[in-house]
Amino acid sequence: MEAKVGKFFDSVTNFFSGSDQLPWCDADIIAGCEKEAAEADNGSDESKKECLTRFSWALVHSRRTEDVERGIAMLEASIASTNDPLKMREKLYLLAVGHFRRGDYSRSRELVEQCLLIEPEWRQAQSLKKAIEDRITKDGVIGIGIAVSAAGLIAGGIAAALSRKK
């Protein structure tokens, strides 16, 4: 019984805190990946692509909006030249993470569903899809709560105004 109560309170806490299981990336890691990508310009094409993918990963997992935007732009620029399905899946996933971080949940869901078309059993994409759906649900519940509160305030104001007239 205590375990069920604990799970309930954890779920309520997670609901209101908006936590997700996606990792965050700090500025030091981003700077290291950027340096590595710059140094890879002299290396092989494959090495350069791997470094840019790591750099994109770091950017879309950043807490800074500018970094996330930059990561999305890099991934969108590179996706057209991607032929390998596994690399395409990875880039689509990273784009989905970036859009999730930006708050564009519908675009994020579209991208993660494309990942799941490539590999339906990919747990990372399934977890992201669940996080997206949870966030959409949470935003909907909060929106409904705000609308109901506003309607209650308006009704209360009307009732108060009418009671003063009498």
Side-chain angles (χ1 to χ4, degrees), residues 7-146:
K7 283 183 181 180
F8 171 75
F9 283 114
D10 286 344
S11 68
V12 170
T13 301
N14 286 340
F15 178 81
F16 286 107
S17 69
S19 66
D20 56 61
Q21 302 302 317
L22 296 173
W24 292 102
C25 197
D26 63 17
D28 294 338
I29 294 172
I30 293 169
C33 290
E34 187 169 20
K35 182 180 177 188
E36 180 186 30
E39 291 169 356
D41 280 339
N42 302 330
S44 71
D45 193 44
E46 191 60 35
S47 172
K48 182 179 176 182
K49 287 180 182 177
E50 287 177 23
C51 289
L52 288 174
T53 299
R54 281 193 293 276
F55 185 32
S56 299
W57 183 96
L59 288 169
V60 299
H61 285 88
S62 173
R63 293 185 188 271
R64 295 182 57 224
T65 305
E66 305 83 37
D67 290 340
V68 174
E69 295 289 339
R70 188 173 169 203
I72 289 171
M74 287 174 62
L75 288 161
E76 287 176 343
S78 71
I79 209 159
S81 64
T82 304
N83 298 322
D84 179 13
L86 291 179
K87 292 189 188 296
M88 177 64 80
R89 175 198 77 169
E90 184 176 348
K91 288 180 181 182
L92 289 170
Y93 174 79
L94 291 174
L95 274 170
V97 169
H99 285 285
F100 180 80
R101 292 284 192 224
R102 268 189 18 190
D104 187 355
Y105 304 123
S106 60
R107 179 70 178 134
S108 182
R109 183 171 35 188
E110 290 171 17
L111 291 162
V112 83
E113 285 173 355
Q114 288 179 31
C115 290
L116 291 169
L117 288 174
I118 295 169
E119 188 165 333
E121 300 302 316
W122 193 24
R123 290 192 190 270
Q124 233 179 327
Q126 291 171 345
S127 295
L128 178 57
K129 185 176 180 183
K130 182 176 180 346
I132 294 164
E133 290 169 353
D134 290 349
R135 188 64 61 96
I136 289 170
T137 301
K138 175 187 163 197
D139 287 355
V141 169
I142 290 172
I144 290 170
I146 291 170

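Counting from 1, the numbers follow the sequence of the chain as shown.
Applying the salt bridge (charged side-chain N to carboxylate O under 4.0 Å, His left out) criterion to E69, with sequence neighbours excluded, gives R102. With sequence neighbours excluded, the residues that form a ring pair (Phe, Tyr, Trp, His ring centres under 6.0 Å) with H61 are W57. Scanning for side chain to side chain donor-acceptor pair (under 3.5 Å) contacts around E133 gives an empty result, with sequence neighbours left out. Under the rule for a ring pair (Phe, Tyr, Trp, His ring centres under 6.0 Å), the partners of Y93 that lie at least two apart in sequence or sit in another chain are W122. K91 pairs by the salt bridge (charged side-chain N to carboxylate O under 4.0 Å, His left out) definition with nothing, not counting sequence neighbours.
Atom CZ of R89 sits about 7.5 Å away from atom CD of Q124, to the nearest 0.5 Å. To the nearest 0.5 Å, atoms OG (S56) and CE (M74) are separated by 3.5 Å. D104 contributes atom CG, which lies 8.0 Å from atom CD1 of I72 (distance to the nearest 0.5 angstrom). If you take CE on M88 and CD on E119, they are separated by 14.5 Å, rounding to the nearest 0.5 Å. Rounding to the nearest 0.5 angstrom, the gap separating the CZ atom in R135 from the CD1 atom in I132 is 10.0 Å. Once rounded to the nearest 0.5 Å, the distance linking CG of L128 with CD of E113 reads 10.5 Å.
Scanning both residues, A125 and V112, for their nearest heavy atoms gives O-CG2, 3.3 Å. Residue I118 comes nearest to L92 through the heavy atom pair CD1-CD1, 3.9 Å, listed as atom of the first residue, atom of the second, then distance.
Between E90 and K49 there is no salt bridge, since no side-chain N of the basic residue sits under 4.0 Å from a carboxylate O of the acidic one. Between R64 and D67 there is a salt bridge, since a side-chain N of the basic residue sits under 4.0 Å from a carboxylate O of the acidic one.
Under the 4.5 Å side-chain criterion, counting only non-hydrogen atoms from C-beta, L52 is not in contact with S78. I136 is listed as a side-chain neighbour of R109, based on a closest heavy-atom distance under 4.5 Å.
Checking side-chain atoms of D28 against main-chain N and O of A31 turns up no donor-acceptor pair under 3.5 Å.
For the side chain to side chain contact (heavy atoms under 4.5 Å, CB included) criterion with C25, the lone passing option out of I30, L59, V60 is I30.
Here ring-ring contact (aromatic ring centres under 6.0 Å, His included) pairs that include residues 27-47, with residues two or more places apart or in two chains, number zero.
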